[in-house]
Structures are given as C-alpha cells and as structure tokens.
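Reading through the structure tokens given below for one structure.
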Amino acid sequence: MNQYAQAQQAQLTLLVRIEELERQNQQLSKALTKAETQLIEEIKKKRAKAWENWFWRALSAGLIYSLTRH
C-alpha cells in the first residue's frame with residue numbers, strides 16, 4: 001500500500017471514529033437531559049411539599065394562638 005492509500009485509509013478510519021463519537025455524544029446528551037428533567041421534577045415536588053408543610057404549620061400556629069388568646 002503506498003503512502004497515499006495509507007493516508008486515505010487513516011482518514012477514513014478517523015471519520016468513522018468521529019461518527020461513533022458523535023453518536024455517543026448524542027446519546028449522552030439525551031441521557032443528561034432526561035436526568036436533568038427528572039431532577040427538576042424532584043425539586044419541584046420537594047418545594048411544593050415544603051410549602052404545604054409550611055402552610056399547615058402556619059395554620060396550626062394561628063389556630064393555637066387564637067385558641068390560647070381567649
């Protein structure tokens with residue numbers, strides 16, 4: 001195989017490797033996006049639960065206060 005053919009073969013090998021890496025990158029990006037979305041949903045749920053807990057505590061404190069004031 002002459003140098004020109006070897007260079008073409010090396011270039012083709014690199015192009016195939018680049019395509020493989022691009023595919024892997026797309027798969028990892030999709031997985032990361034999915035994980036980020038799940039994490040955001042978990043955070044939203046925890047915040048909602050925290051607000052709910054705060055509401056009930058505030059309501060309870062208000063009721064206790066009003067009952068003990070009279």
Side-chain angles (χ1 to χ4, degrees):
M1 197 182 283
N2 64 25
Q3 281 187 320
Y4 179 74
Q6 287 177 337
Q8 279 192 319
Q9 183 61 39
Q11 186 179 18
L12 182 60
T13 301
L14 287 174
L15 287 173
V16 169
R17 183 67 181 136
I18 288 169
E19 287 177 359
E20 290 172 359
L21 290 172
E22 285 176 344
R23 261 194 308 277
Q24 286 178 354
N25 188 37
Q26 287 175 349
Q27 290 172 344
L28 290 172
S29 290
K30 285 179 185 176
L32 183 59
T33 301
K34 184 176 179 182
E36 287 172 336
T37 302
Q38 290 173 342
L39 185 57
I40 289 168
E41 288 303 313
E42 279 184 40
I43 290 169
K44 285 180 182 178
K45 286 178 186 175
K46 287 182 180 182
R47 282 185 182 158
K49 188 64 178 170
W51 276 110
E52 182 183 353
N53 288 342
W54 177 87
F55 171 79
W56 289 115
R57 285 182 186 147
L59 184 63
S60 299
L63 287 173
I64 291 169
Y65 178 77
S66 81
L67 290 173
T68 57
R69 289 290 286 173
H70 297 288

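At most 12 heavy atoms of other shown residues, nucleotides or ligands fall within 6.0 angstrom of atom CD in Gln11. Heavy-atom contacts from other residues, nucleotides or ligands closer than 6.0 Å to CD of Glu20 number more than 12.
No side-chain heavy atom of Thr13 sits under 4.5 Å from any side-chain heavy atom of Arg17.
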List the atom pairs, donor and acceptor, that lie under 3.5 Å between side-chain atoms in residues 27-39 and the rest of the protein, sequence neighbours left out.
{"residue": "Ser29", "atom": "OG", "partner": "Asn25", "partner atom": "O", "Å": "3.0"}
{"residue": "Thr33", "atom": "OG1", "partner": "Ser29", "partner atom": "O", "Å": "2.8"}
{"residue": "Thr37", "atom": "OG1", "partner": "Thr33", "partner atom": "O", "Å": "2.9"}

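For Trp51, the ring-ring contact (aromatic ring centres under 6.0 Å, His included) partners two or more places apart in sequence, or in a different chain, are Trp54.
Atoms NZ and NZ, from Lys44 and Lys46 in turn, are 15.0 Å apart once rounded to the nearest 0.5 Å. The structure places CD of Gln8 at 8.5 Å from CG of Asn2, a figure rounded to the nearest 0.5 Å.
A continuous path of hydrophobic side-chain contacts links Leu63 to Phe55 [ILVMFWY only; heavy atoms under 4.5 Å]. The hydrophobic clustering, which links ILVMFWY residues whose side-chain heavy atoms are closer than 4.5 Å, places Leu21 and Leu14 apart.
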